[in-house]
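Right, one structure below, let's go through it.
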Number of protein chains: 2
Amino acid sequence: MNIGEIAKRAGVSRSTVSYALTGKRPVSVETKRRIQAVIDELGYRPNAAARALKEGRTRTIGLVIPPASQRLTDMQLTFVASVVDAAARADLDVLLSPSGGEHDRSFERIVTGRRVDGVILMEIRLEDERVARLRHSGLPFVGIGRTRRPEEMSWVDIDYETLIARCVHHLADLGHRHVALINRNAELVAVGYGPGHRAQSGFEHAVAERGLSGVQVCCGDDAQSGQACVEELLARHGELTAIATINEAAVAGMYRGLSRAGLAVPRDFSIVGVAARHWAENLHPPLTAADVPADEMGARAVELLIQRIADPPAPHRHHLAAPPISLRGSTGPARRGGPA
Amino acid sequence: MNIGEIAKRAGVSRSTVSYALTGKRPVSVETKRRIQAVIDELGYRPNAAARALKEGRTRTIGLVIPPASQRLTDMQLTFVASVVDAAARADLDVLLSPSGGEHDRSFERIVTGRRVDGVILMEIRLEDERVARLRHSGLPFVGIGRTRRPEEMSWVDIDYETLIARCVHHLADLGHRHVALINRNAELVAVGYGPGHRAQSGFEHAVAERGLSGVQVCCGDDAQSGQACVEELLARHGELTAIATINEAAVAGMYRGLSRAGLAVPRDFSIVGVAARHWAENLHPPLTAADVPADEMGARAVELLIQRIADPPAPHRHHLAAPPISLRGSTGPARRGGPA
DNA sequence: TTGTACGCGTTATCAC
DNA sequence: GTGATAACGCGTACAA
């Protein structure tokens, strides 16, 4: 079913059908009605490829995600969901592209094949070749996360540096003197994953400012690793009384490790972090955490992208989220003398 | 950058460039080399829309997911990830479409706008209008899940009926006499969600076969609901000693509810279910469960879809997975006299 | 309102 | 065997 067939059956020209549909030229009510009747009868919809070819835009955005093989975190998933939702509201389709690893063909297809009007890039590194690639291509894009030179692109991000600093201050206020930062997995941090590095920086500054002793470790993004990580931390640094973390997926395991060591949260040990709200609430005890507004950020990213597509030369815009820490049940006063 | 520009700079005609790229006609090595040099220099890639328009195929598949607003379960996410991964390996892009709720425009765009060569449909109901819609449209599609009339379409699915029956038999073998089935959320079951109904059926049959007493309840897909659900079950049915469930997202909460009631798993109470392996392993204690091979199933779905696209009139194919129950730490002999 | 050129890659057809 | 020409797919938008 194409526009010519509709035109023939309605007894008008192809362009009249097009105008009747787009409304870019007035068409008599009677003609419009007749055309619509034929369209409804045959279930016609314009061919997306033909329209894209002519208009030069696809009404589709690309969403570049970390390779699917390495399981996405809950927060990342919330980003994906909110981006898809926001895009659907704007009548945009979303093309998914796993990047990194062996899937660079997918990324290349999307960027150079003009398959999308713009791209949202997740899991950005401080030095990210995909950003360089997109900048060079001229395709509008927005990052969920930012590189080392944030002014070179549009992005939405979480202010991990500030948030982790706040976590440390919160712990210090509660009297904790020996705190640990549990970061995301070592590979991610090693390749320059921004949040990991910014969390380190925030941690170091705050620890210095409050005169605490601080230790930093990386930890796999799952419960098992969280447990192992805590067990090792307790073994090597018996003086610790609190943990700050950006590794939400590992928190359940940390709780388990503490419990195994005979430490009750928050009585004997405190944990505070940065996490998606529903994730923090579903832990036991609920995690005192800065609640990342992931769904709002996804929507914001789509919004920024739509603007960039509409007006590419416009200056870059940024949105840095620094949500307050929600007090739940996982932090308490440092126990005199520390655990055990 | 279009093919004409490449042809001009390489000093050949457009068709020669096309033939050099597609290999559908021999082109001299020297010419091919010159063309490739220009392509590399300018970074040319054929316009996907033009190619789709001419070829009548988009090299893209649609993945219809539940509306993003209602958080996806871990298993669903694994399906998405594995589909994206498998599609990328086959050089196919994936267009995501949230269906249901207010997002039916997205589904319609995909189906009637010829934006994809085929569709993978998730979260299928016993009576599913999207299946009817797709069958009517003639667009190749494969279900992850199946309707009441499974022969009318191609699908991969999990044999919840058999698996839940196996769970019940496992519990019966351990001496449990009073067991409960905790289903997915009530809305899902109410609208005819297949796994929910098939699990019920398998549960009822097995309970009858073994002469047990069984109670069934629906439960929201999150830990909080799981906890509330277990607390209510224990209050109303003090004789229960075991639970079988297909609601993996709620299991952590069930553990919590049991623990609050002073019941240790597996000493005082057993839980067995159907879940993604890594999910079952990450629970504490690890869940004895039939491990759904979600990644393999996603890949299989893509495979079936590729075949359907290549040969639409071919008979439908199906793949029903019934993985064995992996014994972990969550089930044990029924305690004499039951709990408390 | 209508005729028609255009966007761009593919491929059948014709020429060397 | 190799290269060039032109038609095609289909919706859009300008000129008439």
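Below, chains carry the letters A, B, ... as their sequence lines are ordered, and counting in each starts from 1.
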Rounded to whole angstrom units, what separation is found between the [atom1] atom of [X] and the [atom2] atom of [N]?
X: R57(A); N: dG11(D); atom1: CZ; atom2: C1'; value: 13 Å
X: K8(B); N: dT5(D); atom1: NZ; atom2: P; value: 14 Å
X: E5(B); N: dG7(C); atom1: CD; atom2: P; value: 13 Å
X: I35(A); N: dT2(C); atom1: CD1; atom2: C1'; value: 12 Å
X: N47(A); N: dT12(D); atom1: CG; atom2: C1'; value: 13 Å
X: R45(A); N: dT12(D); atom1: CZ; atom2: C1'; value: 17 Å
X: R115(A); N: dG9(C); atom1: CZ; atom2: P; value: 14 Å
X: I6(A); N: dT12(D); atom1: CD1; atom2: C1'; value: 16 Å

TODO: Report yes if at least one side-chain N or O of S28(A) is closer than 4.0 Å to OP1 or OP2 of dT1(C); otherwise report no.
DONE: yes

Task: dC8(C) phosphate, OP1 or OP2, under 4.0 Å from N2(B) side-chain N/O - done: yes

Task: Any W155(A) side-chain heavy atom under 4.5 Å of L121(A) side chain - done: no

Task: Side chain to side chain, R308(A) and H316(A), heavy atoms closer than 4.5 Å - done: yes

- [ ] Tell me which of T22(B) and V12(A) sits closer to the 5' end of DNA chain C, going by the nucleotide each one is nearest to.
- [x] V12(A)

Open item on the list: Tell me if a side-chain donor or acceptor on D117(B) pairs with a main-chain N or O of I61(B) at a distance below 3.5 Å.
Closed with: no

Open item on the list: Counting distance alone, no hydrogens or angles: does the base of dG1(D) have a donor or acceptor under 3.5 Å from a partner atom on the side chain of R25(B)?
Closed with: no

Open item on the list: Is it the case that dG11(D) (base atoms only) and R14(A) (side chain only) share a donor and an acceptor within less than 3.5 Å, ignoring hydrogens and angles?
Closed with: yes

- [ ] Specify the residue among S13(B) and K54(B) whose closest nucleotide of DNA chain D lies further upstream toward the 5′ end.
- [x] S13(B)

Task: Position toward the 5' end of DNA chain D (nearest nucleotide), L53(B) or Y19(B) - done: Y19(B)

TODO: Give the nucleotide from the list dC10(D), dT10(C), dT11(C) with an atom nearest to the side chain of S15(B).
DONE: dT11(C)

Open item on the list: Given dG3(C), dG11(D), dA13(D), identify the nucleotide with an atom nearest to the side chain of K24(A).
Closed with: dA13(D)

What nucleic acid atoms does [X] come within less than 4.0 Å of, heavy atoms only: base, sugar-phosphate, or nothing?
X: V27(A); result: sugar-phosphate
X: T16(B); result: sugar-phosphate
X: S18(B); result: base

Open item on the list: Side chains of S97(B) and S99(B): any donor to acceptor distance under 3.5 Å?
Closed with: no

Task: Residue pair Q36(A) / D40(A), side-chain donor-acceptor N/O under 3.5 Å - done: yes

